[in-house]
2 protein chains.
Amino acid sequence: MQESLGTAASAEVLQLPVAPLLDRLRELVLSGDYPAGAAVSETLLAQEFNVSRTPIREALKQLQAEGLVEIRPKVGTFVREPSRREVVEMFQVKEILEGLAAGLMARRGAVPQLELLEENIEASEMAAQNGDSETYARLVHEFHQLIVDGSDHLKLGEHYRTLMNQLAYHRLVTTSIAHPGRMPRSVAEHRKVVAMIRAKDAMGAEWAMRDHVVTSAREVSTEHTNADG
Amino acid sequence: MQESLGTAASAEVLQLPVAPLLDRLRELVLSGDYPAGAAVSETLLAQEFNVSRTPIREALKQLQAEGLVEIRPKVGTFVREPSRREVVEMFQVKEILEGLAAGLMARRGAVPQLELLEENIEASEMAAQNGDSETYARLVHEFHQLIVDGSDHLKLGEHYRTLMNQLAYHRLVTTSIAHPGRMPRSVAEHRKVVAMIRAKDAMGAEWAMRDHVVTSAREVSTEHTNADG
DNA sequence: TAGCGTTATCTACCATGCAAGAGAGTTTAG
DNA sequence: CTAAACTCTCTTGCATGGTAGATAACGCTA
């Protein structure tokens, strides 16, 4: 939603001075440099970016619309930390979005994207065998993103990006997907999804994808529950 | 997404001076007073609302993040008109969101909301028999909204609201759902959804809902295609 | 007459300054 | 010692003015 004309569209036209400030601010928030519900001061950001407070304010309002920060009037702006309930809900939405994406890919029969997916799976298996959990986690994210991108569905992509941005704060959680016992099963589920897509079985692909998401979410959830409460 | 702390949350606390401007501006855009890709001038709006251009600008940036307007740098702000492809895509996302909502309602077994749904269906049937297409269209919208609200799912509600806002410009299209031949079948589909929810058949409810959405979307689509191109 | 260069005006953009609310710290009364 | 009231400082909120870029109208030239 936030890239309606700014983020990605302008990059390809190389309009550098158009809106890099919003992107830089978003990255700053998503990077996790600001601990949790930490305050982000307009004045400090203005000094940081060598601009006046006005454009900073405008960008923060946009980030608020994206659900990344919370602006308390006359008090300050704070990095938004989704509640436990919200995280669960976001994974539920993530599930149906990715399910739709997989189904659409199967319906289209996107061959070149399929090869990318299989390369990704091969690399994932390699990383899993080598115990390279960091690379593995990155490849898993890439797999899901490839599914979404492969669906060639703009609105789906927008909603998905919004969701992932709001979930970005939980990168620490998602990195726990690189759990030793989980990895081989996850790879198998990825394979099943790709097989369904290759077979052009839209419904099968959708449900394989949804089952994969809900399974991994459950395991991550219990993992996280055991960890901090 | 846009009501993270503004729209609904502040209303119940009765903080009128907090952010009515964004809401008023949003309503102004959604009302359709501005034809299509019409320009909305900061200066004019500032005069209209008796404020300076600065808060107007901030609100417009938020509306841009919500996908309702498009800001062309150094040129102007225009009400965004979704392309045909985007409309189709939005209905696809609408389908899975409402499917998820119906499934969740079935899983929860929300009894009070079920009665509201059945009242709605009764009223819809009355309106259909009386040929009151305006009331009928309103009730259909209310039915879908009741499903979403009944799911008691915050994030789902946010994504759904974003979607419906962007689709609001096509109210003229959605009013064509009150087509004489379509109405009785639509009511029957509503009944089936409610029956599935009452039977606590989550999967059945989800697919009944999705089938209903995709069916009505197809009929509306062909209707609209016949109308203007 | 058609095409191009020029200018004039309209737009958003951003910097600055002032004002008002919220919150914390302090002081004072009980 | 506790609690309430007060003040002080920090924050955002908003108004205003100057600036730069984009667009369209106009005049010039071929």
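Chain letters run A, B, ... following the sequence lines, proteins first and then strands; every chain starts at 1.
A distance of 5.5 Å separates NE2 of A/His144 from OG of A/Ser216, quoted to the nearest 0.5 Å.
C/dA22 atom P lies 16 Å from atom CD1 of A/Ile71, rounded to whole Å. Taking atom CD1 of residue B/Ile56 and atom P of nucleotide C/dC13, one finds them 14 Å apart after rounding to whole Å. Rounded to whole Å, atom C1' of D/dC14 lies 16 Å from atom CZ of B/Phe49. The CG-P distance, from B/Leu45 to C/dC10, rounds to 18 Å in whole Å. D/dT16 atom C1' lies 14 Å from atom CZ of A/Arg53, rounded to whole Å.
Between A/Ser52 and C/dC14 there is no side-chain N or O to OP1 or OP2 distance below 4.0 Å. Distances shown here put a side-chain N or O of A/Arg57 below 4.0 Å from the OP1 or OP2 atom of D/dG13.
Each of C/dA12, D/dG17, C/dA15 was ranked by its minimum atom distance to the side chain of A/Thr54; first place goes to C/dA15. Listed nucleotides: C/dA12, D/dT12, D/dA15. Nearest to the side chain of A/Glu42: D/dT12.
Between A/Glu86 and A/Arg80 a salt bridge is recorded (basic side-chain N to carboxylate O distance below 4.0 Å). Contact check on B/Arg138 versus B/Asp132 returns no salt bridge, with no Lys/Arg side-chain nitrogen under 4.0 Å from an Asp/Glu carboxylate oxygen. Residues A/Arg24 and A/Glu27 are not paired through a salt bridge, judged by the lack of any N-O separation under 4.0 Å between the basic side chain and the carboxylate.
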Atom pairs under 3.5 Å: protein N/O with N/O of nucleotides 20-25 of chain D:
unit_1: D/dA20; atom_1: N3; unit_2: B/Lys74; atom_2: NZ; d: 3.4

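The two residues A/Ala102 and A/Met209 have their closest heavy-atom pair at CB-CB, 3.7 Å. Listed here is the closest heavy atom pair of B/Ala202 and B/Arg107: CB-NH2, 3.9 Å.
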